[in-house]
Amino acid sequence: MSMLTQGFERPSGWAGRPALISRERKTQLKRAALRALAVLMMGGVLAALIALKTAVYVWHLHA
């Protein structure tokens with residue numbers, strides 16, 4: 001049996017089970033994930049601005 005297809009022959013009984021996470025909890029997790037994504041994006045923008053400022057400084061230094 002191939003390692004890639006090992007789990008495909010199991011019956012898919014999980015599809016009929018109810019969700020383990022409540023709707024309120026799912027909404028909270030989604031909000032937290034969006035906030036974390038926003039913080040990471042702001043960090044990326046800040047890093048880009050610092051890199052741009054450094055590049056301009058170095059360019060003026062050698063001019």
Side-chain angles (χ1 to χ4, degrees):
M1 176 173 11
S2 173
M3 291 296 289
L4 296 174
T5 59
Q6 184 176 353
F8 289 126
E9 66 274 353
R10 278 191 244 142
S12 58
W14 59 270
R17 291 192 314 213
L20 300 176
I21 301 175
S22 68
R23 193 175 297 246
E24 295 83 16
R25 180 71 175 148
K26 199 177 286 191
T27 304
Q28 284 178 338
L29 290 172
K30 193 178 287 188
R31 270 194 224 127
L34 287 174
R35 285 181 186 152
L37 183 62
V39 167
L40 287 174
M41 288 176 68
M42 283 189 280
V45 169
L46 182 62
L49 287 174
I50 291 170
L52 180 63
K53 188 171 182 177
T54 304
V56 169
Y57 175 75
V58 169
W59 184 44
H60 282 272
L61 188 67
H62 289 292

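All residue numbers in this chain count up from 1 along the given sequence.
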| said: Clusters formed by hydrophobic residues whose side-chain heavy atoms approach within less than 4.5 Å: which one holds M41, and what are its other members? | reply: L37
| From L34 atom CG to L29 atom CG, the distance as rounded to the nearest 0.5 Å | 11.0 Å
| message | To the closest 0.5 Å, what do you measure between CZ (R25) and CG (L20)? | response | 13.0 Å
| Rounded to the nearest 0.5 Å, how far does OG1 of T54 lie from CG of L49? | 10.5 Å
| Other than L46, what residues sit in its cluster of Ile, Leu, Val, Met, Phe, Trp and Tyr side chains whose heavy atoms are under 4.5 Å apart, directly or through others? | I50
